[in-house]
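Comments concern the structure below.
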Amino acid sequence: MANCYDDKVAAEHISSLPDRNGRVFRIPAPGGWIVVCSSVCVDDKGNGTSMAMTFVPDEGHRWLGQEDGNE
């Protein structure tokens with residue numbers, strides 16, 4: 001990413017939560033990824049929503065491509 005203000009960056013959908021009420025997206029950032037998760041919780045008093053965001057450095061997800069058996 002040359003200049004984060006000039007480039008248009010789309011969020012990539014990478015996963016859905018098991019109950020299908022939430023989704024996980026990643027956005028490329030210098031040196032890693034910004035991972036965002038949103039969830040909708042329905043209870044007897046109404047709806048609630050939550051959102052979490054974290055930065056994952058490139059070193060933090062290198063294990064995904066390795067076949068060393070550590071999961």
Side-chain angles (χ1 to χ4, degrees):
M1 189 185 301
N3 184 340
C4 63
Y5 296 108
D6 293 336
D7 296 336
K8 291 184 179 180
V9 179
E12 176 186 359
H13 178 250
I14 58 173
S15 180
S16 293
L17 298 181
D19 62 2
R20 302 283 186 210
N21 287 330
R23 292 184 170 195
V24 181
F25 297 90
R26 71 178 181 176
I27 303 165
W33 299 90
I34 297 172
V35 178
V36 180
C37 177
S38 63
S39 179
V40 176
C41 303
V42 180
D43 63 8
D44 58 345
K45 296 182 181 179
N47 294 333
T49 59
S50 63
M51 183 175 210
M53 180 173 61
T54 190
F55 177 77
V56 178
D58 284 333
E59 295 81 25
H61 60 81
R62 284 197 181 152
W63 61 269
L64 290 174
Q66 297 175 354
E67 298 283 337
D68 61 0
N70 293 330
E71 294 185 21

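Residue numbers run from 1 in the order of the sequence given.
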Inset, instruction - Flag yes if I27 and F25 sit in one hydrophobic cluster, no otherwise; membership is Ile, Leu, Val, Met, Phe, Trp, Tyr, and two members link when side-chain heavy atoms are under 4.5 Å apart. - result: no
Inset, instruction - Specify the closest pair of heavy atoms between P28 and A10, including all atoms of both residues, with the distance to one decimal. - result: CD-O, 4.3 Å
Inset, instruction - Name all residues meeting the side chain to side chain donor-acceptor pair (under 3.5 Å) criterion together with T54; count only those two or more places apart in sequence or in a different chain, and write none if there are none. - result: none
Inset, instruction - Looking only at non-hydrogen atoms, find the nearest pair between F55 and A29 and report the distance. - result: CE1-CB, 4.0 Å
Inset, instruction - Taking side chain to side chain contact (heavy atoms under 4.5 Å, CB included) as the test, write out the residues that go with S39, two or more places apart. - result: L17, C41, S50
